[in-house]
Amino acid sequence: MNELSFHRREFLRFIAGSPLAAYAFSQDSLPAIAQPKDALSVMDFEPLAHKALPPAHWGYVAGGVDDDLTLRMNREAFAHYQLRARRLVDATTADLKVDVFGATWDMPLYVSAVGSQLVFHPDGELATARAAKAQKVMQMLSTVSSKSVEDVAKALGTPPWYQLYMPANWADTETMVRRVETAGCPVLVWTIDLLAGRNAETTSRLARQDTRDCMSCHITPPIGGSAVIRNRARPMFAGLSGEMNPSGANWSYVDRLKKMTKMKLLLKGIDTAEDAKLAVEHGVDGVIVSNHGGRATETGRGTIDLLPEVVDAVRGRIPVFVDGGFRRGTDIYKALAIGARAVGIGRPYIYGLASFGPEGVERVLEILRAELTLTMRQCGTPSIAKITRASVLRQGNPL
Ligand SMILES: Cc1cc2nc3c(=O)[nH]c(=O)nc-3n(C[C@H](O)[C@H](O)[C@H](O)COP(=O)(O)O)c2cc1C
């Protein structure tokens, strides 16, 4: 062996042993995850889901809007916050229980509304419901679901929270609201961040790469064609016009919706102090700080950065929830410290669902539970009430 090939061999051995190389290989090939329990972090499921899904379906879940800046900021903004870990507090256990509208949740985490879950698993939202039930986690069901609220309630063992895309006329809205009320849903979540439409460019680009014949599976054309006709085929639009998201909606719609139902009314997509104050004034029961997972308006602001102004504006009068980019127990911890009651996830559980069905979703919830538990123990905050603004810094400064 000449000197050059010896050095080459040594260099390759060095590279192969480095964590960076292991990471690069795991991105290139897939992480060695033969079963859900092999996953170490919730994002281990992302490349598996990517592999499992055809381009159009991958684009549906992974895409944001415009340049996907807000999507990226949802993740990057967590780096603006640091933890203040207190020591010598009994770290034996942590109690993750939290009260939400009089119900005791096992942990401050829920699976947020994601539409059309048949795309990810043959049982769609029912598969998610089974996992949520097993992990005692609340499921929020989308208006554009593949399965009905009644069937999801059965699979979940309790009625889900219902996410409303408001139908375009009041008669249809009333019919939908009555239906979910009859199904026993305790909470109605009106999503208000898509009323002006959106530019889901990445999703459209990836759909163009898909050469399959959509109509071999879909009943109505999923791309192009009429969204109204597509909606009519969905279980929650049975007998309704299929039109939704009235662009003329204003705060008087909140008053009318509030009067229409005994369910708790939440607004999903509140991103500013001004709107948070208006929400309280109009009597809503809670707000969700959300930018639809970077899929609505390209604001360039991560939701964790929006949370402080909303929490401050609300001043404890109603609970504040948040979603967008939550991938680690420390992310959840930061939101709780800023003042969120609970945190929602979208893509992580969908990646679990697309990879391994309900077991994948369960593993995602298990990992986040374990990570949050560990963070609470490490930071000397063994119950949710102990996590306060003193537990966190923003850019190194107190909030
Ligand atoms: C594929 C997909 C579909 C979604 N569908 C809905 C929906 O029907 N209604 C809704 O209010 N939000 C919907 N969302 C937004 C989620 O409820 C949630 O706000 C977002 O996914 C949280 O960000 P994350 O994916 O980074 O966790 C969807 C998100 C994704 C990724």
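Here the structure is a predicted model, which means the values were calculated and not measured. Computation of the quantities below employed the complete heavy-atom set of this structure, encompassing side-chain atoms and omitting hydrogens, waters and symmetry-equivalent molecules. Atoms within each ligand, like the ligands themselves, are counted from 1 in listed order.
- Counting only residues at least two apart or on different chains, the salt bridge (Lys or Arg N to Asp or Glu O under 4.0 Å) pairs with a member in residues 359-376 are D106-R369, R328-E371, R363-E366.
- Expressed to the nearest 0.5 Å, how far CG of D271 lies from OG1 of T297 amounts to 7.5 Å.
- Annotation: ligand 1 has protein neighbours Y60, V61, S112, A113, V114, G115, S142, V144, Q163, Y165, T191, K268, S290, H292, G293, R295, D323, G324, G325, R327, I345, G346, R347, P348, each with a heavy atom less than 4.0 angstrom from the ligand.
- Within the structure, no pair that satisfies the side-chain hydrogen bond (donor to acceptor under 3.5 Å, both in side chains) test touches residues 218-227, not counting sequence neighbours.
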Would you mind writing out the side-chain donor-acceptor pairs for residues 183-193 within the sub-3.5 Å range, not counting sequence neighbours?
from: T191; atom 1: OG1; to: Q163; atom 2: NE2; distance (Å): 2.9
from: D193; atom 1: OD1; to: H292; atom 2: ND1; distance (Å): 2.7
from: D193; atom 1: OD2; to: H292; atom 2: ND1; distance (Å): 3.4

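- Classified by interplanar angle (parallel below 30°, tilted 30° to 60°, perpendicular above 60°), the ring pair Y110/W161 is tilted.
- Between the side chains of T381 and Y333, at least one donor N or O lies within less than 3.5 Å of an accepting N or O.
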